[in-house]
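Comments concern the structure below.
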Amino acid sequence: MRADVITRLRAAGCVFAEDEADLLIASAAGPDELDVMITRRVGGLPLEHIVGFAEFCGRRIAVDPGVFVPRRRTELLVEEAAKLLRQGSVVLDLCCGSGAAATVLAGYGDYEVHAADIEPAAVACARRNLEPLGGHVYEGDLYEPLPSSLRGRVDVLVVNVPYVPTEAIALMPPEARLHEPAVALDGGADGLDIARRMLAGAGDWLAPQGHLLLETSDEQLAESCELFRAAGLGPRVARCDDRGAVAVVGRRD
């Protein structure tokens, strides 16, 4: 059976056909469900939407259909954020999607963890992941839905804004551009529109010596660092070449 599944997946262009076959077989309740799952995968649906979860930082994060799938490169944000946590730290995950980053950070210790996203399906998914750990999830645009009690108290602000330039979305793999919401991908003409808005308001929410961590790309790195400086956040760059990840970390004075 496994060989047949691998053959079907490989014929559809799945690069990691063996790993995907094992995951589908393990997740299916029986042969009929497995056949449906394979058909959906061959049709281009993201594997995570089919099995209902993504592996992220060693945890299984629930991911519903239509929700942005957490990428392995975003693990760099979590690793860098974890280095900054102290007892009782207040953590905020903006543009949280499934809430993957917030969920992992909430599991590291006794922290006050919040998350927000503009997309209703993502918010519902993030609540399933984060609220059992005592976290709080809000629906709305960037800082707009946050309680005023968070203003000036955020010690660690983790942000993975949409940063794909609008014209580049058409070049993305079909499983992303067809099955993930455009609002989770489209960063405007140069990919930095939402980052600009987020950084403009960050100073109102960060605590003194609070840190902001932003995922970006090599192409946007120089401009992202300039935006951090303009916001009064001295930037440093974090990288993980194995995951193709780059992030900017800034601290409020």
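Counting from 1, the numbers follow the sequence of the chain as shown.
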Looking at [atom1] of [X] and [atom2] of [Y], how far apart are the two atoms once the value is rounded to the nearest 0.5 Å?
X      : Y      : atom1 : atom2 : answer
Met198 : Asp193 : CE    : CG    : 12.5 Å
His211 : Leu213 : NE2   : CG    : 7.5 Å
Phe68  : Asn160 : CZ    : CG    : 5.5 Å
Leu105 : Leu92  : CG    : CG    : 11.0 Å
Arg251 : Phe228 : CZ    : CZ    : 14.0 Å

Path from Leu214 to Leu146 over hydrophobic side-chain contacts below 4.5 Å: yes

Shared hydrophobic cluster, Val67 / Phe56 (ILVMFWY, side-chain heavy atoms < 4.5 Å): no

Which residues pass the side chain to side chain contact (heavy atoms under 4.5 Å, CB included) test with [X], not counting sequence neighbours?
X      : result
Asp35  : Arg8, Thr39
Pro147 : Tyr138, Ser149, Leu150
Ala101 : Val78, Asp93, Val158

Test side-chain contact (heavy atoms from CB on, under 4.5 Å) applied to Arg252 and Leu157, step by step: CA-CA 11 Å; Arg252 179 185 173 186; Leu157 174 52; over 6 Å; no

side-chain contact (heavy atoms from CB on, under 4.5 Å) between Glu223 and Leu192, intermediate numbers included: CA-CA 9 Å; Glu223 180 63 20; Leu192 290 170; 3.3 Å; yes

Verdict with supporting geometry, Arg197 and Leu142, side-chain contact (heavy atoms from CB on, under 4.5 Å): CA-CA 8 Å; Arg197 292 175 49 222; Leu142 295 178; 3.7 Å; yes

Beyond-backbone contact of Leu24 with Leu47, side-chain heavy atoms, under 4.5 angstrom: yes

For a quick test of reading the model, state the closest non-hydrogen atom pair linking [X] to [Y] and the distance between them.
X      : Y      : answer
Pro70  : Val63  : CD-CG2, 3.8 Å
Thr216 : Ser224 : OG1-OG, 3.1 Å
Ala62  : Ser98  : O-CB, 3.7 Å

With sequence neighbours excluded, give me every salt bridge (charged side-chain N to carboxylate O under 4.0 Å, His left out) pair touching [range].
range            : result
residues 206-215 : Arg73-Glu215
residues 101-124 : Glu112-Arg153
residues 164-189 : Arg41-Glu175, Arg71-Glu180

Listed partners of [X] passing salt bridge (charged side-chain N to carboxylate O under 4.0 Å, His left out), at least two apart:
X      : answer
Glu55  : Arg60
Glu226 : Arg229
Asp64  : Arg128
Glu33  : none

Arg127 with Glu139: basic N within carboxylate O range, under 4.0 Å: no

Steps toward side-chain contact (heavy atoms from CB on, under 4.5 Å) verdict (Tyr111, Leu85): CA-CA 8 Å; Tyr111 309 118; Leu85 295 175; 3.5 Å; yes

Salt bridge (Lys or Arg N to Asp or Glu O under 4.0 Å) assessment of Arg243 paired with Glu79: CA-CA 13 Å; Arg243 288 174 290 201; Glu79 292 166 0; 2.7 Å; yes

Test side-chain hydrogen bond (donor to acceptor under 3.5 Å, both in side chains) applied to Asp155 - qualifying residues, sequence neighbours left out: none

Hydrophobic cluster of Val183, others only, ordered by chain and residue number, side-chain cut-off 4.5 Å: Ile118

